[in-house]
Amino acid sequence: MWFWFAVIALLCWSGSDLFSKIGCADSRDKYSHYKMVTAVGVIMGLHAAYEIFIGGTEINGQIILKYLPVSALYIISMAIGYIGLRYIELSVSSPICNSSGALVAIMTIGLALIHKEKIGMVPAQYIAVLLVVAGVIGLGFVESNEDEELRAKRQEKANYKYSKSALAIILPLVYCLLDALGTFADSKVLETLDEDSANVAYELTFLACGIVAFIYVKFIKRQKYLPKKEAPKYAGAVFETAGQFAYIYALADSEHVAMSAPIISAYCVVSVLWGRIFLKEKLSWKHYTAIALAVVGIVILGVFDEA
């Protein structure tokens, strides 16, 4: 079953990318990221309730507070990622956001060098980090230097149009940094905290943020919630939560982790595919070359991270 769980995680997380993009892409709605946070919070809150009352997962205020710094990094990074979806193609954003694993590796190397500790990495992992860094830098260079006429021409049939903007690259990079910090902190906190309890703490914190976001948008800013526009956000939230569920079960089969991890790590490839099919995104060959470098690096890191 590990294979099917890995495929489900891949499809769900790429689906989350797609529907989150659809739900947050309208540049006229400056509160779309708050609404997306509410949607994810509601769905995660429902899953947390299932884990507590049906699954019997232990949770209390102390656990929530202990995991709060990690939850905050993850939630803030996701909110920033949702903002970024207004300014850039999903095909570019997803590979950059998923480069956080390489950044974690760089942090680990840096700390090991500072403390003069042995670095437990094989040559392939160093190569993977370099590929990801080269891919992300390449994407930034291509985006910032692309001619406006060429950009407009390739976006003629796309569902969304984008102008050259520093935010287009900065926001996914900020997401990448915060997500990497969250992952790094996660590895430390989970040394003394049960994984199921930590996940429920994260989901309940997301629910609390979702409620605050709803109150802010609905009652303070007096914005309307239109079912047609909110539906993609909740679809994205369902896919996000389902992907996390499948991910846990895929990696639970320790004998096949080395095979399931790279399958899941490649979900940004499918996100690029969905962007091309459903959003009519068309990139230049320079974009695709940079994306290919980043994706290959991400997959290699996925193999060795869980092997």
Side-chain angles (χ1 to χ4, degrees), residues 6-7 9-11 13-14 16-17 77 80-81 84 88-114 118-146 166 168-184 186-187 243 247 250-251 257-276 281-307:
V7 171
L10 176 146
L11 293 175
W13 276 344
S14 63
S16 175
D17 275 356
S77 70
I80 289 174
I88 196 170
E89 288 95 337
L90 175 64
S91 304
V92 178
S93 174
S94 185
I96 294 177
C97 291
N98 282 282
S99 298
S100 57
L103 197 52
V104 172
I106 293 172
M107 292 177 185
T108 303
I109 293 170
L111 283 178
L113 290 174
I114 291 172
K118 184 178 179 181
I119 302 173
M121 292 176 64
V122 299
Q125 288 174 298
Y126 289 105
I127 294 172
V129 171
L130 290 174
L131 287 172
V132 173
V133 172
V136 171
I137 292 175
L139 278 173
F141 181 82
V142 173
E143 274 292 300
S144 61
N145 289 277
E146 187 177 26
I169 292 296
I170 291 174
L171 290 174
L173 284 175
V174 172
Y175 170 99
C176 178
L177 174 60
L178 293 177
D179 188 65
L181 289 172
T183 302
F184 190 78
D186 212 356
S187 65
Y247 169 81
L251 297 189
V257 167
M259 289 176 277
S260 61
I263 293 174
I264 299 170
S265 298
Y267 82 86
C268 59
V269 179
V270 185
S271 296
V272 173
L273 179 63
W274 295 157
R276 184 70 180 89
E281 294 179 352
K282 186 177 180 180
L283 305 179
S284 69
W285 68 268
K286 295 178 182 179
H287 283 93
Y288 286 121
T289 300
I291 288 171
L293 289 175
V295 167
V296 170
I298 290 168
V299 172
I300 293 174
L301 286 173
V303 173
F304 286 94
D305 180 54
E306 303 293 348

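Within a 6.0 Å sphere centred on CZ of F141, other residues, nucleotides and ligands contribute 12 heavy atoms or fewer.
Sorted by first then second residue, the side chain to side chain donor-acceptor pair (under 3.5 Å) pairs that include residues 129-139, not counting sequence neighbours, number zero. Sorted by first then second residue, the side chain to side chain donor-acceptor pair (under 3.5 Å) pairs that include residues 127-142, not counting sequence neighbours, number zero. Judged as a salt bridge (Lys or Arg N to Asp or Glu O under 4.0 Å), the pairs with a partner in residues 125-143 (not counting sequence neighbours) are, in order, E143-R151, E143-R154.
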| query | Can V269 and L273 be said to form a side-chain contact (heavy atoms from CB on, under 4.5 Å), step by step? | reply | CA-CA 6 Å; V269 179; L273 179 63; over 6 Å; no
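Looking at every heavy atom in both residues, A6 comes nearest to S260 through CB-CB, 3.9 Å. In terms of heavy atoms, L283 sits closest to S91 at CD1-CB, 3.5 Å. Taking all atoms of both residues into account, the shortest heavy-atom contact from V132 to A294 is CG2-O, 3.6 Å.
Scanning for side chain to side chain donor-acceptor pair (under 3.5 Å) contacts around S99 gives an empty result, with sequence neighbours left out. Residues passing the ring pair (Phe, Tyr, Trp, His ring centres under 6.0 Å) test with Y175, sequence neighbours excluded: none. Checked against side chain to side chain contact (heavy atoms under 4.5 Å, CB included), V142 has the following partners two or more places apart in sequence or in another chain: S284, K286, H287.
Between S271 and the options N98, L10, D17, a side chain to side chain contact (heavy atoms under 4.5 Å, CB included) holds for only D17. Under the side chain to side chain contact (heavy atoms under 4.5 Å, CB included) rule, V133 has a single partner from V136, L131, V129, which is V129.
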